[in-house]
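Each chain gets a letter, A, B and so on, in the order the sequences are listed, and its residues count up from 1. None of these values were measured; they are calculated from a predicted model.
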Amino acid sequence: MKKLEKVKSLYGPVATVFNKKLTGSWRIFRPVFNDDECFNCLTCQLFCPTDAITFNKERNPCLEFNLDYCKGCGICMNVCPRNSIKLIKEGGDD
Amino acid sequence: MIRKMLDGNGAAVEALKLAKVKVISAYPITPQSPIAEKLSNLVVTNKLAAKYVRVESEHSALSCAIGAQLTGVRAATATSSVGLALMHEMLGVASGCRIPLVMPLVNRALVSPWSLWCDHQDSMSERDSGWLQFYAESVQEILDLLILAYKVAEHDEILLPVMVCFDGFFLSHSVQPIEVPEEDIVDQFLQPYRSKNLYLDPQDPMFINNLTPPDEFSEMRYQQMQAFKRALKVIPFILQKFITFFGRTYELVEDYRCEDADTVLVSLGSMSGTAKYVVDQLRKEGKKVGVIKIISFRPFPVEKIREFAKGKKIIGVLDRSPGLGAQGGPVWLEVCAALADMNISIFSYIAGLGGRDITEITIKKIFEELLNKTVKNENKTLNSWIDTDKNALNIRRVKQNV
């Protein structure tokens with residue numbers, strides 16, 4: 001016999017189904033890194049509000065953005081003393 | 001059963017203790033302060049296994065109680081006057097999310113003028129907040145109505161918060177002998193608390209109080225309205241059960257010597273006792289008078305009041321709040337709407353504001369007026385501020401300096 005599902009109506013404002021959406025989906029501008037200018041001060045990593053910047057000296061480029069979570073806020077660009085981070089529009093310029 | 005000498009605040013604390021509240025977040029305000037003090041004392045002396053959360057305002061007090069109750073325990077808070085006004089926003093959250101909180105409310109006038117003393121404007125301002133409102137006449141009623149309130153609030157068919165209102169100082173600070181029920185009897189009557197609707201549980205997550213667009217808002221208000229309607233039907237059964245457990249009888253609205261009365265006064269709260277006393281005296285003089293005492297103002301027991309009002313010619317309604325800008329006091333408005341088609345003259349009286357005593361003289365004066373009001377065409381919509389000084393517009397006369 002098929003087991004009957006237990007169903008109940010909840011009263012009041014409540015949600016029980018959650019859709020996970022990564023914060024990266026909010027992004028309008030994407031950060032782009034220029035390796036030549038960078039002198040590894042890591043100020044960008046310190047200021048990133050979503051902790052989306054990882055640094056690895058052995059890697060090329062040494063700086064990487066986790067684009068799943070980067071919201072494109074541009075704080076890294078603003079704090080960079082060597083202007084080695086630029087923002088470009090997602091989906092290219094129209 | 002134990003007989004104790006308690007004041008209203010003490011009785012309220014006794015009831016919360018018997019309901020085994022687990023989280024308390026009460027912010028002290030005159031005349032409710034002894035409730036907050038006594039509860040904290042019970043917690044610190046381990047007489048009540050609860051967490052007492054110190055909060056910085058009444059807004060936080062109720063927020064905290066709401067959150068705590070959602071985790072699946074009874075939470076408690078209590079307030080008065082402007083404290084209730086500061087809770088205004090959260091009152092709606094509690095009722096909208098259908099959280100069966102029970103809160104003692106010590107009635108005190110609202111500002112301005114600043115007053116520490118009793119009238120009903122604070123609770124009347126929240127009469128559409130989605131909370132049930134019970135009004136107590138005596139200290140015994142405070143305890144009983146609070147225990148009853150838990151049963152009503154937590155009932156499957158109701159799930160609404162309840163405030164039990166009692167008059168500041170007249171009840172909160174008046175010591176009366178009362179019967180306090182045994183713990184195990186209250187336990188049997190109330191049963192341990194369990195969240196029946198919304199709850200906070202990491203194993204079964206819910207996002208509570210989310211933004212609700214117009215396509216569901218009306219439906220949720222409708223659910224609340226239906227719950228009030230069901231409450232009117234369910235509470236009498238709970239009251240029957242109450243009698244078997246505690247031996248005391250209550251009704252949503254009670255009549256006192258109304259059966260053969262022509263003239264009736266509708267009362268609310270502690271003034272009812274005085275009104276009954278005056279009725280007894282006037283009965284001795286052969287006057288056919290009676291009292292309708294409203295215990296449950298929300299939900300408003302329309303059918304029962306119509307039953308009591310049947311055949312009466314003149315009804316006076318004594319409000320302890322001014323109903324500013326309205327045609328009369330809030331209780332009067334409700335009574336008028338309830339009895340609209342019954343061809344009864346209904347008069348609004350306003351008395352006892354800001355702590356003024358409603359004495360037997362005041363009530364006698366109202367009855368005398370009502371008994372003389374055989375002429376029907378008198379202006380019913382004119383408020384009668386029965387105990388206000390004739391010189392009201394000329395108090396605090398000053399010499400102007402400019």
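- Residue-level contacts of residues 215-233 of chain B with chain A, in order of numbering, are B:Met220, B:Gln223, B:Arg230; threshold 4.5 Å between heavy atoms.
- Applying a 4.5 Å heavy-atom cutoff, the residues of residues 10-21 of chain A that approach chain B are A:Leu10, A:Tyr11, A:Gly12, A:Pro13, A:Val14, A:Ala15, A:Thr16, A:Phe18.
- Residue with the most contacts toward chain A among B:Leu159, B:Thr212, B:Leu211, B:Asn209: B:Asn209 (heavy-atom pairs, distance under 4.5 Å).
- Taking 4.5 Å as the heavy-atom cut-off, the residues of residues 195-206 of chain B that approach chain A are B:Lys196, B:Asn197, B:Leu198, B:Pro205, B:Met206, ordered by number.
- The number of heavy-atom neighbours closer than 6.0 Å to CZ of B:Phe297, taken from other residues, nucleotides and ligands shown, is above 12.
- Listed by sequence position, B:Gly96, B:Cys97, B:Arg98 are the residues of residues 66-101 of chain B in contact with chain A, using a 4.5 angstrom heavy-atom cutoff.
- Atom CZ of B:Arg54 sits in a sparse spot, with 12 or fewer heavy atoms from other residues, nucleotides or ligands closer than 6.0 Å.
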